[in-house]
Amino acid sequence: MKRALHLRPPGQRALAAGVCVLGLVLLAPWTGPQALLHAALVLGFALDPGSALLTAVWAAAGGWALEGTLRIYPHLGGTAWADMTIALAARWLLVEWPVDSLKGWLGRQAVLALAWILLVHLAVRIAAGPHLWGTAWVWVLLGLPAWGWLTWRWQRPGGR
Amino acid sequence: MARPASSWGWSPIGRRRWALVLLWVGHGAWVLSGPKAGGSWAAFTSAAARPVESLASAWRGWRLHRAERARDLAQAQTDLAAVRQRVQALETERMADAPRLADGESAVQMLGLKAKVPLRTEAARVLLAPVGVAFGGLILEGGKDRGFQQDQGVIAPEGVVGRLWSVGTTQSEVLPADAPNASIGVMLARSRATGVLQGLGSNRGEIRYLNNQEVVQPGEAVYTSGLDRVFPRGLLVGYVTEAKPGDLELKVTVALAAPLRRLPSVLILPLPTPEEAQAPLVPQAKAGGAS
């Protein structure tokens, strides 16, 4: 039997996701912190257990905002598609198999982050051609405790 | 047991699902289209943006042009202000120099006249020239201190002025040629007929004692005849303005050439030399004649 989810109000979710998208634009000069915020958005704040469509929209918005600020790809859209895919998968996991512990949450986020990194690289390679790996993925993995804990608190309102 | 409504039908849930599928599949197709599609998209967006870019370029060019014109206008206004200031300074300078310039011109004219007249003349500055005073005389600088004497002729570069009427210690008064009690011996330029010019006032005079038979035309020049023994022969007096026959003599009106009330300086002619011709002999009465 699935455990009942404690959903945040839609307004709070939209506000958090919008702030994240805006932050992605404002953090354009600092790609490391931008990657951390991007991961928090795709694997945390964009996830809406009540609406898969909103989840995909906010994740895609994050992808487009990131690529728009990078301005290095000749063909945009790869990051947005990968974000959407991973965010939908994360939402499905969140709804179907909710975790009860921080460790379990962080472990799942680590796996999802790894898959996300690979999928983003693949999608961008398909869309825009070969490109450098960069250091964003290192920031995402090393910053997992921070953004993972943040998204845990966000998805578990009340600190339960 | 009733079957639940299809989740993929035309219901709110179905529409959201279709939207999600379209979003995800559309993005995927876009990604799979690759960089070439991106190039086409970029070309399309560039072509679509070209009108706006042209407008923006024209707008920017217009603003630059306007800014340049504003700078030119400001520069022109500055230059204009400087030129105005310079003109003002020159005008002030010219006004300051005007009296000296007038004196200089008058002196040049006097020198020219002096060179033309083969007489030993004296220049004198006009101190006072009453305007509007009927037959008012000119007051000259210089009198007995400079050797002036009564009845010396006074001329100007424009023509005859009059004669010295009274001579003081340092100033002299001139009887102008247009005074009613002034008379000058004159002759007409064309016919050489001689007469006497008497003043009528207002820079005019009338030639007396001309025969009705003389042919005189308006505009004819009038010169001094030299018969009055004040002015030498051939000095310009004025021009005929009107000539009509009278009862006994021709009435000829003359406009004097010299502006008697606007002369800055004049030349004083010397007194005429006494005649050397001997007076005709008077027959003496015989002694012891009729008693």
Side-chain angles (χ1 to χ4, degrees), chain A residues 10 13-14 17 21 42 46-68 70-92 94-95 116 118-132, chain B residues 1-68 70-71:
Chain A
R13 292 185 176 277
V21 172
V42 173
L47 307 184
D48 187 348
S51 172
L53 182 61
L54 283 178
T55 300
V57 166
W58 283 117
W64 281 107
L66 182 85
E67 286 194 345
L70 287 179
R71 293 185 174 185
I72 55 175
Y73 302 144
H75 184 71
L76 305 183
T79 306
W81 182 80
D83 287 358
M84 240 189 310
T85 306
I86 288 296
L88 288 172
R91 176 194 170 273
W92 184 76
L94 182 67
V95 172
W116 176 54
L118 293 173
L119 190 59
V120 166
H121 191 85
L122 177 65
V124 171
R125 186 182 180 89
I126 293 172
H131 62 286
L132 296 175
Chain B
M1 183 175 167
R3 290 182 60 188
S6 173
S7 301
W8 294 93
W10 191 249
S11 63
I13 296 175
R15 285 195 290 272
R16 281 198 293 271
R17 286 188 172 180
W18 279 115
L20 176 62
V21 168
L22 282 176
L23 185 66
W24 189 81
V25 171
H27 264 81
W30 173 253
V31 169
L32 289 174
S33 63
K36 190 176 180 183
S40 303
W41 173 253
F44 170 73
T45 53
S46 297
R50 197 162 294 133
V52 179
E53 286 178 350
S54 300
L55 280 175
S57 177
W59 170 257
R60 188 160 177 261
W62 178 78
R63 289 194 62 187
L64 285 174
H65 179 63
R66 191 180 63 169
E68 190 176 351
R71 276 199 305 274

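We name chains A, B, ... by the order of the sequence lines, and we start the count at 1 in each one.
- Using a 4.5 Å cut-off between heavy atoms, A:Ala52 contacts chain B through both its backbone and its side chain.
- Only the side chain of A:Ala60 comes within contact range of chain B, judged by heavy atoms closer than 4.5 Å.
- Heavy atoms closer than 4.5 Å to chain B are found nowhere in A:Leu54, neither backbone nor side chain.
- Considering all non-hydrogen atoms of both residues, B:His27 and A:Gly77 come closest at CD2-O, 4.2 Å.
- Considering every non-hydrogen atom in both B:Trp24 and A:Met84, the closest pair reads CA-SD, 4.1 Å.
- Contact tally against chain A (heavy-atom pairs below 4.5 Å) for B:Leu32, B:Leu20, B:Val31: the top residue is B:Val31.
- Residue B:Leu64 places its CG atom among more than 12 non-hydrogen atoms of other residues, nucleotides or ligands, all under 6.0 Å distant.
- Rounding to the nearest 0.5 angstrom, the gap separating the CD1 atom in B:Ile13 from the CG atom in A:Leu53 is 13.0 Å.
- Interface residue A:Val57: backbone and side-chain heavy atoms are both found under 4.5 Å from chain B.
- Not a single donor-acceptor pair under 3.5 Å links the side chain of B:Trp30 to the backbone N or O of A:Ala127.
- Of the two parts of A:Thr55, neither the backbone nor the side chain holds a non-hydrogen atom closer than 4.5 Å to a non-hydrogen atom of chain B.
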